[in-house]
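Everything below concerns the one structure shown next.
Below, read A as the first sequence line, B as the second, and so on, with proteins coming before strands; counting in each chain starts at 1.
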There are 4 protein chains.
Amino acid sequence: MKKSAAFPAVATGPASTRRRRKEARPQELLVAALDLFVERGFKATRSEDVAARAGVSKGTLYLYYPSKEELLKAVVRENLGALINEGTDIVGGFEGDTRELLALLMHTWWERIGNTPASGIFKVILTEMGNFPDFAAFYMDEVISPGRALFTRVLQRGIDAGELRPVNLFETVHLLIFPMLMMCLHRHSLGPCHLPMRELDPHSFIDTHVDIVVNGARQPAPVAATKRTLNRKTA
Amino acid sequence: MKKSAAFPAVATGPASTRRRRKEARPQELLVAALDLFVERGFKATRSEDVAARAGVSKGTLYLYYPSKEELLKAVVRENLGALINEGTDIVGGFEGDTRELLALLMHTWWERIGNTPASGIFKVILTEMGNFPDFAAFYMDEVISPGRALFTRVLQRGIDAGELRPVNLFETVHLLIFPMLMMCLHRHSLGPCHLPMRELDPHSFIDTHVDIVVNGARQPAPVAATKRTLNRKTA
Amino acid sequence: MKKSAAFPAVATGPASTRRRRKEARPQELLVAALDLFVERGFKATRSEDVAARAGVSKGTLYLYYPSKEELLKAVVRENLGALINEGTDIVGGFEGDTRELLALLMHTWWERIGNTPASGIFKVILTEMGNFPDFAAFYMDEVISPGRALFTRVLQRGIDAGELRPVNLFETVHLLIFPMLMMCLHRHSLGPCHLPMRELDPHSFIDTHVDIVVNGARQPAPVAATKRTLNRKTA
Amino acid sequence: MKKSAAFPAVATGPASTRRRRKEARPQELLVAALDLFVERGFKATRSEDVAARAGVSKGTLYLYYPSKEELLKAVVRENLGALINEGTDIVGGFEGDTRELLALLMHTWWERIGNTPASGIFKVILTEMGNFPDFAAFYMDEVISPGRALFTRVLQRGIDAGELRPVNLFETVHLLIFPMLMMCLHRHSLGPCHLPMRELDPHSFIDTHVDIVVNGARQPAPVAATKRTLNRKTA
DNA sequence: AATGAATGAGTGTTCATTCAT
DNA sequence: GATGAATGAACACTCATTCAT
């Protein structure tokens, strides 16, 4: 063993290389799997490729995850867990107006999630929710509900302060969230194609996004909204 | 098409069911394929299932499309083509303010596309763009560019009329489009899961969406936007 | 087509080669599977080898049997079904003494089963019963129970006729059956090894077997049986 | 063996558990392997399960046996060796009639072999003889030949004493042996299935078995055996 | 044109075996 | 010696594609 006999077991650290690798394996496999699932899709990703990208053999993957499906579930759990928590802390003690708070939330979230590989999880979830019904409830509980709650709280705070008019909270929350999600999806669809297209700058877009939505929801409603004229089924 | 030009469609009479079915085959196969590709993903959809849903045998599918890949491409071509055209007509002769025009565009688009099976094409494109690089250019040319142009034109029209302030057109266009796309994606991911969740009403959401964005972009900018404070990499 | 056009469809028979092959496939696969399962064991037999021996590809096997397990079950059903029926007919109208009847039963059974590939089914059943609990009940109902009943009936007939003394029917039945089964098992274990060993002649062995057992059960019991002396647990 | 010859087994005292375990390892592994090979079959038994049942790790198994095949061979050698020896001693000095001698042999053999895990070896041999041709010669030399010789000697003794008529020795020997083997096989096939079936009591069955066979072979042959009537191939 | 039986390359998963610790 | 993490060959099963009918 490499463990020095001169020092007692206390604080000796992670011990042998073998041991250290073993402890890191699950993480390494999850990272590799996320990348490939996002890039190629779950079905189109071969388990052997996941293993190879993690630097191990096919068999080793199965020492840690009993099937490709379970690997996917672990990837989802791993990457959805951290999505919301930070936001709650930010909102907690914030002093400032709604625009500043929303901008802070969005920029932070983008740096923590949107601009990292974890952002790919939305593509995976979107694609596989139909094939893995578990994901729906999981996603609802872990992401949608807390996410909605967080933004609802922010908007309500603005209304209570007289800053915003009493907009439809539920719809406005989604108006805030949807563009952020689309930016994540874009990063893993058109983005990697390197087309000669003009691209959004995420942070600039976030600023514009927040500005316009907050302004649009500000007191007083600038103009009476005339009703739309298209006839359609009112399902 | 094999249909003889000598006989107009009118007064053709019963036209043997056999013949009519045969001519409808490619369409029926595309419809079946879209449904299944959207629902299960491209890789996870078996060609035989597509054929079965279209009411033909496995072999027949290959009479019309030489491979599953080509079938996918046909599905994408078929469904992306119709996405934009109608919009241009609407904008052409419209008289009314920006909010009304945008609302009309969005509601129409939702009824024509979002609320039909064709909306699933966005999920397919999103998922498969990585595996089929052709799609990127195709999607760019057929959807993104014309779509951006259409909404840019509408916004520019509002600015020119003094109705809107000179917002960042590029970003605002995406702010308008992204929530619509998310509604489409939702219809084919969480939507079918029938969770006990509160759901957006599409048309109501569109109204709120258009109201807030248009109001947020209206003259004059209600408040000076203070800059965001989070320190971050300016990539 | 091979079908002669000179004769109308009526009574034309099984039609095309394709069709004829399809109808024969299940049988051909069962025969191939029995051979290989007997020879190598179930686990040690590769499905591809079964297919190859039946002259088809791996995939074709799965058109007819959804898994290797189901193939095994079909093999067992196929080969156990016919095991007993003939015996009952023989016993029905037989006139003659017990020895003659038993000899007829055994020789017939040997020719119909023991001396055919079907005899291997006993090896398979023996080996796999532990892994496929279904087989136990199936084998009990389809083979053991009717087999016991058949031989019990024959012995009872001999006792009723005063030919045999009232031996323990249950045990004597097994004394009759067991050596027959061992001959089957031998055919598929040591038999194929072609050792320079003296081999039993099945029919001669059956004669000796029946002679000795019937004589041993004949009236009157020749000698009083003294009890065995070894001390042992009487569980 | 690594056991030092300098210290006799007697008075070695507690002899570290470690040491004792180490010396017992091969035996423990053979016992575990026999159990599993009998229960599940050779191919279907995982080496790791053998190791686990013996209370050691996978790697340790390979310290003692270089492959799963060699382990099987060791299991067979180990368990076939002891099958015959005791019988010879019994026959040697026995005074009494043939029935008593056979009954003693059979009951003893049942207690020593049939009623112990070693009886499972017959199932293994039967199953694997095809895959391991070595076994055939080994089994022939170690079991069949000595077994035949033993029973032949007993029958010849009875004939010489005028107790039995000059039956076909070779066939009668197998008539004696086969039911015993079937009881062993039964113990490891149908037996563990716990079906609601009537079961043979081994010792009672042995008594009936020996009684009937010895009576059937006794002087004089009670009836002239008429020949069988079924026409069949005389292969 | 339409069928569906047949194919075989491809992939998820297992497990005997090795070897660094 | 003992361990158990790691390997990769092997195998069950799938499915896009072909082609005889």
Side-chain angles (χ1 to χ4, degrees), chain A residues 1-3 15-23 25 43-51 55-69 71, chain B residues 2 18-19 21-22 25 43-52 55-69 71, chain C residues 1-3 15-23 25 43-51 55-69 71, chain D residues 2 18-19 21-22 25 43-52 55-69 71:
Chain A
M1 301 210 192
K2 300 283 168 55
K3 190 171 68 170
S16 74
T17 298
R18 192 75 159 259
R19 170 68 59 95
R20 232 176 307 121
R21 302 251 9 224
K22 173 178 165 50
E23 280 161 5
R25 280 286 146 72
K43 277 286 291 190
T45 298
R46 296 168 41 201
S47 15
E48 188 160 13
D49 290 341
V50 175
V56 299
S57 73
K58 204 172 11 171
T60 301
L61 170 59
Y62 285 88
L63 291 179
Y64 294 92
Y65 301 96
S67 71
K68 207 173 109 174
E69 279 205 11
L71 175 62
Chain B
K2 300 286 169 55
R18 190 74 162 266
R19 169 69 57 97
R21 296 271 341 248
K22 196 190 298 185
R25 281 285 150 71
K43 275 285 289 190
T45 297
R46 298 166 42 200
S47 337
E48 187 160 14
D49 290 342
V50 175
V56 299
S57 74
K58 214 175 354 178
T60 302
L61 171 59
Y62 283 85
L63 291 178
Y64 293 94
Y65 301 97
S67 73
K68 207 173 104 170
E69 279 202 11
L71 176 61
Chain C
M1 298 202 196
K2 301 286 168 52
K3 186 172 70 169
S16 73
T17 299
R18 193 75 160 260
R19 170 71 55 93
R20 232 176 307 119
R21 302 243 21 216
K22 173 176 166 49
E23 280 161 4
R25 280 285 146 70
K43 276 286 292 191
T45 298
R46 297 168 41 201
S47 13
E48 190 160 9
D49 290 342
V50 175
V56 298
S57 74
K58 202 179 9 173
T60 301
L61 170 60
Y62 285 88
L63 291 178
Y64 294 93
Y65 300 97
S67 71
K68 208 174 109 175
E69 279 203 11
L71 175 61
Chain D
K2 300 284 168 53
R18 190 74 162 264
R19 169 67 59 98
R21 295 272 343 248
K22 197 190 299 188
R25 282 282 152 73
K43 276 284 291 190
T45 298
R46 296 166 44 200
S47 335
E48 186 160 16
D49 289 341
V50 174
V56 299
S57 74
K58 214 173 359 175
T60 302
L61 170 61
Y62 283 85
L63 292 177
Y64 293 93
Y65 301 96
S67 74
K68 206 173 104 171
E69 280 202 12
L71 175 62

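Ranked by how close their nearest DNA chain F nucleotide is to the 5' end, S47(B) and G55(A) are led by G55(A).
For DNA chain F, the residues of residues 59-69 of chain C within the heavy-atom distance limit of 4.0 Å (strictly under) are Y62(C), S67(C), K68(C), sorted by number.
Separating the CG atom of D49(A) from the C1' atom of dG10(E) is a distance of 12 Å, rounded to the nearest angstrom. Spacing between atom CD of E48(A) and atom P of dT7(F) amounts to 12 Å, rounded to whole angstrom units. Rounded to whole Å, the distance from CG on L71(B) to P on dT17(F) is 10 Å. Rounded to an integer number of Å, the gap from NZ of K43(C) to P of dC11(F) is 11 Å.
Residues passing the side chain to side chain contact (heavy atoms under 4.5 Å, CB included) test with K43(A), sequence neighbours excluded: K43(B), A44(B). Listed by chain and number, the residues in a salt bridge (Lys or Arg N to Asp or Glu O under 4.0 Å) with K58(B) are E48(B) (sequence neighbours excluded). E69(B) is linked by a salt bridge (Lys or Arg N to Asp or Glu O under 4.0 Å) to nothing, counting only residues two or more places apart in sequence or in another chain. Qualifying salt bridge (Lys or Arg N to Asp or Glu O under 4.0 Å) partners for K68(B), counting only residues two or more places apart in sequence or in other chains: none. Residues passing the side chain to side chain contact (heavy atoms under 4.5 Å, CB included) test with T45(C), sequence neighbours excluded: L36(C), F37(C), R40(C), V50(C). Scored by the side chain to side chain contact (heavy atoms under 4.5 Å, CB included) test, Y62(A) finds S47(A) as partners (sequence neighbours excluded). In this view, S67(D) satisfies the side-chain hydrogen bond (donor to acceptor under 3.5 Å, both in side chains) rule with no residue, not counting sequence neighbours.
Note: T60(C) OG1 to Y64(C) OH = 7.0 Å, rounded to the nearest 0.5 Å.
Close to dG1(F), at under 4.0 Å from its OP1 or OP2, lies no side-chain N or O of R25(D). The side chain of S57(A) contributes no N or O atom lying less than 4.0 Å from OP1 or OP2 of dG8(F).
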Response to the item:
DNA chain E in dot-bracket form (Watson-Crick or G-U pairs under 3.5 Å, [ ] crossing, | inter-strand) is .||||||||||||||||||||
